[in-house]
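A, B, ... follow the sequence lines: proteins, then strands. Residue 1 opens every chain. Since the model is a prediction, treat every value here as computed from it, not as a measurement.
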Amino acid sequence: MPDSSETPSTRMTPSNPLGVFPHSTRGEGEAANPQRGRLKVYLGYAAGVGKTSAMLSAARDRAEAGVDVAVGVVNTHNRPEMEALLSDLPQIPLRKILSPERVQTEMDLDAVLNRRPALVLVDELAHANLPGSRHPRRYQDVLDLLEAGLDVYTTLNIQQLESLGDVVQQITGGIVVDALPDFVLDGADEIELVDLPPDELLERLRDGKVHLPPEGPETQPGFFRKGNLTALRELALRRTAARVDVQMRDYMAARDITGPWAAGERILVCVSSHPLAERLVRTGRRLAGDLDAPWTVAFVETPGHVRMRPEQQQRLNQTLLLAEQMGAEVVRLTGVNAAETLLAYAHAHNITKLVVGKPRWPRWVEWARGSITQQILRKSGSVDVFIIGETAAEEKSPSMRVFLHSPAWRYAAAAVLVGGVTLLGVPLHGRIEPTNLVMIYLTAVVLAALFLGRGPSMLASLLSVLAFDFFFIRPTLTLSVADTEYLITFAGLLLVGLVISNSAALVREQVEQLRKREAFTAAINALSRDLTGLSDLDEMLRAVIRRIQTDFSRDVVLLLPENNHLKVAAASPRLEKLGEEEMTAALWAFQHNRETGLGTSTLPQAAMRCIPLQTVHGLVGVMGVQPAEAQGLLTADQRHLLESFASLAALAIERARLAQQASQTQVLQSTEKLQAALLHSISHELRTPLVTITGALSSLAEGEAAPALQRELAEAAYGEARRMNILVGNLLDMSRLESGAFRLNRQPSDLWDLAGVALSQFGERHPERQVLTDLAEDAPLLDVDMALMVQVLVNLLDNAAKYSPVPAPIRLLGRLEGEDVILSVADEGVGIPPEDLERVFDKFYRVQTPAGPSGTGLGLAIARGIVEAHGGRIWAQNRPGGGTIISIQLARWAERQVG
Amino acid sequence: MEETGVRILVVDDERAIRRFLRASLSAHGHTILEAAAGREALSAVAEQRPDIIFLDLGLPDMDGVEVTRQIREWSDTPIIILSVRDREADKIAALEAGADDYLVKPFGMGELMVRMRAVLRRVWQAHRQEAVFQSGELKVDYTRRRVWVGEREVNLTPTEYDLLKLLAQNAGKVLTHPHMIQKIWGSDLIGADHLLRVNISNLRKKLEADPARPQYILTEAAVGYRLRLE
């Protein structure tokens, strides 16, 4: 597109110098957030009118005025005039995305956010990003930029606007790809219309000055016809003009100026799973725009919807999503009768205009089922009703099949049932009046209705009439009737049969829905029962995962925050290791309190859906849910249930956290008592070595001892000093543990390395002891604080040395058990009295032996403190052949930990 | 090998400790210089040019880590930290600041002498680039990139060899995990912690007779690794 200076393009700028936030479906008349950046859209009616060059010219003016302008992404399509305009603007390098075929580029959102220019140029707002980008759509990138406080200039073709999709399709015959949700344009602070008379556009096209996009309506053979262009131009002009109007009104509202307000119109659009629904939504949006009225899109769930098929469910979800994107309020209503439910809602919410569709049903279906449109019309009262008819393209409606949808065997069963009744009737024939045989047939119809469904039971009604006529009405074995009175009997049988079919089926569907509701309640009850019984956080998390796995057959992962990072707290086996995309999605969900990942608009390429776990006090974590192999999306009911599960889980997690805090407080209170006991026990232990040291050193100072004695004294003093050092070390560790002053420095740690360091420290203290090791060759890396865990092992080895006689070996064993590693230290000593197996880990506990080994009874208590701080387990057993085994269970290093 | 006549600067604010070190080290034939505070130590290093510095961390005027950093700005004089601080974070901070070794008080004189010899030997040999490194049975030939334990040649992956070479060229010195990761993989590789552990573990399985009781590659728990210098 050449510079606009050579073409007499006119511009209409409904600029917004008054600082009023423009009309927006997200917050009408709301004052602008001062932090938020301003969005200016250069709007044109077709490719080639000069949007990009208008944007670039404006940006150059701003840059010359001293504003920090940077180009996020502008595609010049290698046109020299455009390159010239772009040349002296700083450009932020594009992000390269590698695909097997070629290298493609996208705007580098993170680079722009880091660079933080005051104004960013982002061409083609409606562009769809390549897979692998942060967002699927470029406008989402732009929203992020605005959120970060950057001003954005961008370009848009009017035909790409979502709500105009069907109009554009009617005008041009081409399908709009990459439509832009209306709220984005509605939220723009300024729209500049870049206009060019169609004749000039056509001329430029002939001169080859227009770059055509690779897909979209422009590629249609007859797109660039004057008629088309004029129609599109009118759309763009009208849209811009409407905005000027809206801004004026917003301004008046903000200044408390009363004026000619819209007469309080409210619009309700009623949709179903029918393909027509999408058009209803678009119509509703246009009507709402024209009337400047709030609008609601409603779907009524009736008992019949129990049997909605997945593709219908999906189409309904898409329709509702579209409505949401266009700014409608979306409600789901439940009721037995759709028309009554809708009208009740309409009256309760002061709806003035109702938009409904009229699918082309065959007449008899309407008769059998009642037309919802007719019912609404009859009872609408003061509400205006707009009826939108079905076009031929939409007619291939599968709804008829659904209406009578049953497996073939049920129809067969209905036929067999009628056959059986006929056989039963043969011996009775002649003994009772033929009219009474009708009752037997009616029984068959009722049975079919109750057990086989609507369609089969209607078939049964029809077959009953035929069989009755054929076999029992003179002349028998023909369909002709001698006595015309029987025609009344036939009509009655058929009518009653059909009515019974319909009402019995209705009852059946209601029962089915009730049953589903009951299953729903039962599932929630089951989970909450599971959770109330538990107080341990890990067990709760496992219970949640188990429930979701069984009720939804989906894989689940629960991530909880820990030291400012999100960490996997519990997961189904397939989700224990999360990919980078999944982790990013989870983090995003946590930071922005928004559902992300699969099936959402943020990071949809992640393999799971991330649901933030929220309580009234804030976020407690994120739940990730991944469908098992090739499963479809969740139905609305399932999603509802899943949300209930998520909030139950959030509450449970919060409860567990609070309980943890309470117990910590308790620990703190008992600390004082503890320290008194500690002092008492310690003073004795500290004095004993001092006695030896003082005695030995004073003898040495006198200098009269023989050399051999001197050496003996010195060694005794040295040995006692070392013992004291260990004791002081233990005391310090204990007080660190008690006061919670230590922080775990978890690192990937090698089991062999751990054992090696512990053995070398132990060897220095006890050179006389033999330690046999048996460690698993393929042990994984452990998730531990290496230094603290070495201390645990040394304490266990010390303990073993203390309680077993010298020649007996000590064993250090390491083996895998499931996902965890078990380390054990076994001795061949005195063992522990069975009743004390738990108590050995208490502070100051010592096994009472005649010899009474010395020590403070702190070693094992410290070991337990450290192991439990790691979330591991420590326990003591007596060895079958005599002696003690103390084991610890440690978690392996998970490769993808955040942070 | 036994060095005598080494000029040692002892920096400690505790008079008792200076006195005990002076007595013991003089007995080994070394010359002892003393400083009781950080600034005093800095000027002593500049004026008296000691061969090695024994530095306490808890000094009255400034922290020992800061003293180390300032000395390293203009001097390569080896520094051994002697401190009661036994937390790994303190050790890493001192080593990253440029200290050559770290010994937690209380320590035995024997241990201190071993560490001192190792540090001095490394510093004195640093100028002579030897083509072959030898410690006990372990032999590393830098020119041919080959490694032997006794008569047995050991096949290493390129990363394992680089790690061993890094350790051998700093034999006797504790190399912190971040330092090693930086040298081998560059600074910002995610998961390098994990890689380091795995490679060291594999290296041990290839070099050590009993990987649970390593003789060559020693672990300073949660701080780093050190190659034993014979």
Side-chain angles (χ1 to χ4, degrees), chain A residues 580 583 718 721-722 724-726 728-729 732-733 736 741-764 771-775 777-791 793-794 812-814 892-899, chain B residues 16 20 23-24 84-93 102-111 114 174 176-178 180-181 189-226 228:
Chain A
E580 196 159 348
M583 209 63 229
Y718 184 38
R722 284 202 304 187
M724 241 180 105
N725 186 37
I726 291 170
V728 171
L732 286 175
D733 289 336
R736 273 183 203 165
F742 76 52
R743 279 208 323 273
L744 287 187
N745 172 25
R746 286 173 186 262
Q747 288 178 325
S749 308
D750 182 20
L751 174 64
W752 290 76
D753 207 354
L754 184 66
V757 179
L759 286 174
S760 99
Q761 285 189 16
F762 177 73
E764 279 170 26
V771 183
L772 305 175
T773 55
D774 179 8
L775 304 174
E777 280 288 340
D778 51 346
L781 293 182
L782 300 171
D783 181 15
V784 296
D785 181 318
M786 173 89 169
L788 291 176
M789 207 42 74
V790 164
Q791 203 183 338
L793 277 191
V794 170
L812 174 60
L813 313 165
R892 67 164 69 201
W893 180 259
E895 278 183 42
R896 280 260 175 220
Q897 291 185 357
V898 181
Chain B
F20 135 72
S24 313
V84 289
R85 297 185 199 165
D86 61 350
R87 290 203 333 236
E88 287 63 40
D90 293 318
K91 295 183 190 172
I92 292 175
Y102 195 113
L103 210 50
V104 176
K105 289 176 183 171
F107 50 85
M109 275 311 288
E111 178 72 12
V114 168
V174 178
T176 63
H177 296 143
M180 296 178 76
I181 289 166
L189 183 71
I190 297 166
D193 249 0
H194 184 260
L195 276 175
L196 177 65
R197 303 310 192 283
V198 171
N199 274 292
I200 291 284
S201 169
N202 291 341
L203 203 46
R204 278 200 179 123
K205 282 175 189 154
K206 291 181 182 179
L207 299 180
E208 306 282 2
D210 178 1
R213 294 180 175 79
Q215 295 304 304
Y216 300 114
I217 302 174
L218 309 181
T219 299
E220 278 296 312
V223 175
Y225 298 99
R226 169 216 309 272
R228 185 196 295 268

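- Here the closest non-hydrogen pair linking B:R213 and A:T773 is NH1-OG1, 3.8 Å.
- With a 4.5 Å cut-off on non-hydrogen atoms, B:P214 touches chain A through its side chain but not through its backbone.
- In terms of heavy-atom pairs under 4.5 angstrom with chain A, the leader among B:E208, B:E220, B:K205 is B:K205.
- Atom CG of B:N199 is separated from atom CG of A:D750 by 11.0 Å, given to the nearest 0.5 angstrom.
- Most heavy-atom pairs under 4.5 Å with chain B, from the set A:L781, A:L732, A:V757: that is A:L781.
- Residue contact with chain B, scored on non-hydrogen atoms closer than 4.5 Å, involves the side chain of A:N725 exclusively.
- Annotation: B:R87, atom CZ; neighbour count of heavy atoms from other residues, nucleotides and ligands within 6.0 Å does not exceed 12.
- Annotation: the span from B:R197 atom CZ to A:S749 atom OG amounts to 6.0 Å, rounded to 0.5 Å.
- Within the 4.5 angstrom heavy-atom criterion, atoms from both the backbone and the side chain of A:E777 approach chain B.
- The shortest heavy-atom contact between A:W752 and B:P211 is CE3-CB, 3.5 Å.
- Note that the CD atom of B:E88 and the CD atom of A:Q747 stand 9.0 Å from one another [nearest 0.5 Å].
- Contact between A:L759 and B:A212 at its shortest, heavy atoms only, is CD1-O, 3.7 Å.
- Across A:A787 and B:A221, no two heavy atoms sit closer than the pair CA-CB, 3.9 Å.
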